[in-house]
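Proteins come first, then strands; the chains are lettered A, B, ... in the order of their sequence lines, and each starts at number 1.
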Amino acid sequence: MIAKKLLQGISRFRCVLWQVKQYTTITNEPQFLGINNVFTNNIQFINQESVLLHRGYPLLKFMNQCYGNCDDEGKGKQMPIHYGSKEFNFMTISSPLGTQLPQAAGAAYAFKLDKRNACVVCYFGEGAASEGDAHAAFNFAATLSCPIIFICRNNGYAISTPVFEQFKGDGIAAKGPAYGINTIRVDGNDVLAVYYATKNARDFCIKQQKPVLIEAMTYRIGHHSTSDDSTAYRSSDEIAQWNIQTPLAKFRFYLESLGLWCQEKEQELINSTKEEILHFFKEAEKKSKPYWKELFTDVYKEIPDHIRKQMNLMEKHLEEFKEYYPLNSFVHKK
Amino acid sequence: MLSKLRTRLRSAGKKLLLSRNSNQRKHVRSAHFTYFPSERPNTIGETQKLNMYQAINHALTLALENDPRSVIFGEDVAFGGVFRCTMDLKKRFGANRVFNTPLCEQGIAGFGIGLANVGISAIAEIQFADYIFPAFDQLVNEAAKVRYRSGGTFDCGKLTVRAPCGAVGHGGLYHSQSPEAYFAHTPGLKIVVPRGAMHAKGLLLSCIDEPDPCIIFEPKILYRTAVDEVPLAHYKIEIGKAEVVRKGNTVTLVGWGTQVHVLLEVADLVQEKLNVSCEVIDLISILPWDAELVCKSARKTGRVIIAHEAPMTNGFGAEIAATVQAECFLYLEAPVQRVTGWDCPFPHIFEQFYLPDKWRCFAAVRDILKY
C-alpha cells in the first residue's frame, strides 16, 4: 500500500533529478519521498524543495524562480533554487547555513501557542549542524518544548569537508539525547525506513508537543554545485560504491521485486520527465525578467523616502543611458 | 540535448565556486568592468604573471615558510579552498598547519583569536564575506578589543581573516556583499581591500605581519580576472596608505577593490567625452584610511566622488565625505558625491541596475562639473 502511494510520487521525484539546481546536480532526495507522504498541508516546511514538488508546486514555478523571470514569486531577487511558497507552507530558502534552524523552533512554538495540530519540519545538513545556530535551535526547541522535527541529511560531505572533519562524536543523532530531544537515526537511502521513522516522529511530535531529531544517513553522489568537481577530494571508487545504493536504486529493486516496476516503465518515466522538464525550462527561459523597479521593493513594506529618492534617480539615469542597460530583457512597466 | 541543457543551466545559475575548467568560463555573464593591471612595483627581483588567487597562494606559501608557528584554516581550505587560494598548501606544510574546520564561522574567528593570543600566526578563511556575520561577535567584541581591555597585556595581532567579497555577476543576496563598513565601525580592527593580484599578495603579507588583527576582503571576481606581474619575493604594501592610480586635476575619484577598475574606465571616458582629467585613488586600506592623500587630492581638484558597491547609507563613502568636507571645505567647488549600491539587499537578477557602474559614475562626474 505504502509502496503504491510512494510510487505515485516518484514521477515528481524523478523531476528533482533534472531540476535546475546549482548546489547539487544529483541529490539524494528520494528519501524525502518517504517523508513527504507523512505530512499534511498544515505543516510548515523549511528548506527542502522536494517537499514543494511533492505537494504540487508546479514545475513551471520552480523554473520561473531559477530564471528569476517576471513570474518568479521571489521577483528575481534571489539566486536559483531559493524557492518559497505560502500556499504550500514552505518558508523561502535563505542561503546562509543554519540560520533558519532557530527560526523553525520559533515557528513551532507559535504553532503550540495557537494550539494547531501541526508541527514544523526543518531540514539541514550535517555541515550546518556545526553552526552555532544549530546549538541554539536544539536547545530552544527542547527547553521550550516546540513541536518541530529536525531532519538532518547526513550525506558525508559539506562541499569538500568529510564528516570525520566535521565532528568526532557519533554524528548528529548522538547530540539529540544531550539536548533532551528524542532522536531517530535512519538509513536515508531506504525510502520506506525514512517513511516510517518520519511518520512516528510526526505522531510523537504533535501528540507530545516536543521536538524530534531525525538523522538520515546517506551519501552525496553529485558534486556540491555545477562548478565543483568532487573528484578533487574523493575517489571515483568511493562514489561508484555508493552509486549502487542510492535510494532510487534500492527502491527500484524493491518495487521490481513486487512486480510494480520494470526497466521499461523506468525508461518511459525518465523520458517523459526529461521532456516535461525541458518544456517548462524553455517556457521559463522565454519570459522577460521582472520590472527593474522591483529591485527597490520589499526592502520594507512601504518604500521609505530615501529609497524612493534613489529609485527616482535610477529612473532618470535609465532614461538617459538606456542603451547601456539590458532593459529589453526586463518587463517594461508594471 | 543534455549538454545544451547543462550549458543553459550554467548561465542561469551561479559559477561561484570557480571551476578548474577554464572553457566553462565563457558562460559567465560578462563582468561590469575592465581590469587594469597594476604597474610593476619597484622591488628588485623576478616577477611572474599571476592571477589573484595564485598571488594569494604565493603569499600564504611565503608566510608558512617564513614562520613555522603559522597556520591556515577555514572551511574547505585543505583541498585548496573553493576559490583555490590554498591549493597544495596542505600537501606542502602538513595537515597540522593547513586544516579544515567544522562549518562554523564564529568558531573559525574565535579559534583564530585563541591561536593569536598565544603567539601563533593564525590565517583564517571565511568562505564568503556574506557569511562572516556569525563571526561578527568574535571579531567586533573580541578580536578588536583584546588589547584594549587588557591594557595591552594581551592581543591577537597575529590574526588575519581573509574573506571573498563583492559583486560577481550572479551572486544575489548572499554571495555579493561588501561588508567593510560594518567592520570599519570597530576600533581595533584593520581592514584592507586589494584591487588585484599584486596588491593582494603585498597586503596579505602585511596583514600577517601586522601586530593588530586584520581583515582582508578579497573581491572574488578578481580571483581569476586580475592578472598582474607579481614579484616572487616577499614584499609588503603598507596598511593605511592609499594610492593615486591615475593622476588628474579636475575631479578626484575614490574607490577600492573592483570599483577602482570601474573608476579608471570612467576617467578614460571622461577624458574622451568631456576632455577633463580625473585623479583616481585606490583607498586600499579602509581602516585606518589615508585621509591625508585623499584630502590632498581634494584640495587640488576641488571635486570628490566616492564610489563603492556597498549600499549608500552608512557606507564607508560617508566617512570619507564627512572628512573631506571638514578638512577641505574652502577648496571644494561642489559637494562631495557618492555613487554606490542602492539601499537594498544585493539583488540577483537586477545586479546591473544595482551596481555603481561606469555610466552612473560618468553621470556623477558630468554633474559635479556642472555644479
Examine distances only and state if a side-chain atom of A:Gln78 and a backbone atom of B:Gly172 form a donor-acceptor pair shorter than 3.5 Å. no

Which residue out of B:Pro102, B:Pro311, B:Ala363, B:Pro347 racks up the most heavy-atom pairs below 4.5 Å with chain A? B:Pro102

Can you name the nearest heavy-atom pair linking B:Trp342 to A:Leu313, along with the distance? CH2-CB, 4.4 Å

About how many Å separate CG of B:Asp357 and OH of A:Tyr325, when rounded to the nearest 0.5 Å? 3.0 Å

Of the listed B:Lys358, B:Arg360, B:Gln106, the one with the largest count of heavy-atom pairs under 4.5 Å with chain A is B:Arg360

How close do A:Gly68 and B:Ile349 get, heavy atom to heavy atom, and via which atoms? O-CG1, 3.9 Å

May I ask you to test the A:Leu97-B:Tyr131 pair for a side-chain heavy-atom distance under 4.5 Å? no

Is A:Ile307 close to chain B through its backbone or its side chain, or both, or neither, when contacts mean heavy atoms under 4.5 Å? side chain

Could you pull out the closest heavy-atom pair between A:Met79 and B:Gly171, with the gap in Å? SD-O, 2.9 Å

Heavy-atom pairs under 4.5 Å with chain A - which of B:Cys104, B:Ala78, B:Pro134, B:Gly107 has more of them than the others? B:Cys104

Would the number of heavy atoms belonging to other residues, nucleotides or ligands and lying under 6.0 Å from CD of A:Glu275 be above 12? no

Give the member of A:Ser329, A:Gly74, A:Gly127, A:Ala134 that has the highest number of heavy-atom pairs under 4.5 Å with chain B. A:Gly127

Okay, A:Glu126 and chain B: the region with an atom under 4.5 Å from a heavy atom over there is neither

Straight-line distance of A:His317 NE2 to B:Phe353 CZ, nearest 0.5 Å: 10.0 Å

Under 4.5 Å between any side-chain heavy atoms of B:Leu173 and A:His82, yes or no? no

Counting heavy-atom pairs under 4.5 angstrom with chain B, the leader among A:Met314, A:Glu320, A:Lys289 is A:Met314

Just wondering, are more than 12 heavy atoms of other shown residues or ligands nearer than 6.0 Å to CG in A:Asp305? no

Heavy-atom distances under 4.5 Å only: say whether B:Phe133 touches chain A with side chain, backbone, both or neither. neither

Does B:Asn314 have more than 12 heavy atoms from other residues, nucleotides or ligands lying within 6.0 Å of its CG? no

Check A:Ala158 against B:Asp76 and note the closest heavy-atom contact, atom names and distance. O-OD1, 3.2 Å

Rounded to the nearest 0.5 Å, the OG atom of A:Ser160 sits from the CZ atom of B:Phe79 at a distance of 4.5 Å

Does any non-hydrogen side-chain atom of A:Phe330 lie less than 4.5 Å from one of B:Phe350? yes

B:Thr313, B:Val77, B:Asp130, B:Asn100: which one forms the most heavy-atom pairs within less than 4.5 Å of chain A? B:Asn100

Atom CZ of B:Phe111 with >12 non-hydrogen neighbours under 6.0 angstrom: no

What is the minimum heavy-atom distance between B:Leu103 and A:Ala128, and which atoms define it? CD1-N, 4.2 Å

Which portion of A:Phe296 sits near chain B, non-hydrogen atoms under 4.5 angstrom: both

Keeping A:Gln310 on the side-chain end and B:Asp343 on the backbone end, is there a donor-acceptor pair under 3.5 Å? yes

Report which part of A:Pro290 has an atom under 4.5 Å of a heavy atom belonging to chain B: side chain, backbone, both, or neither. both

Roughly how far, to the nearest 0.5 Å, is the CZ atom of A:Phe321 from the CH2 atom of B:Trp359? 7.0 Å

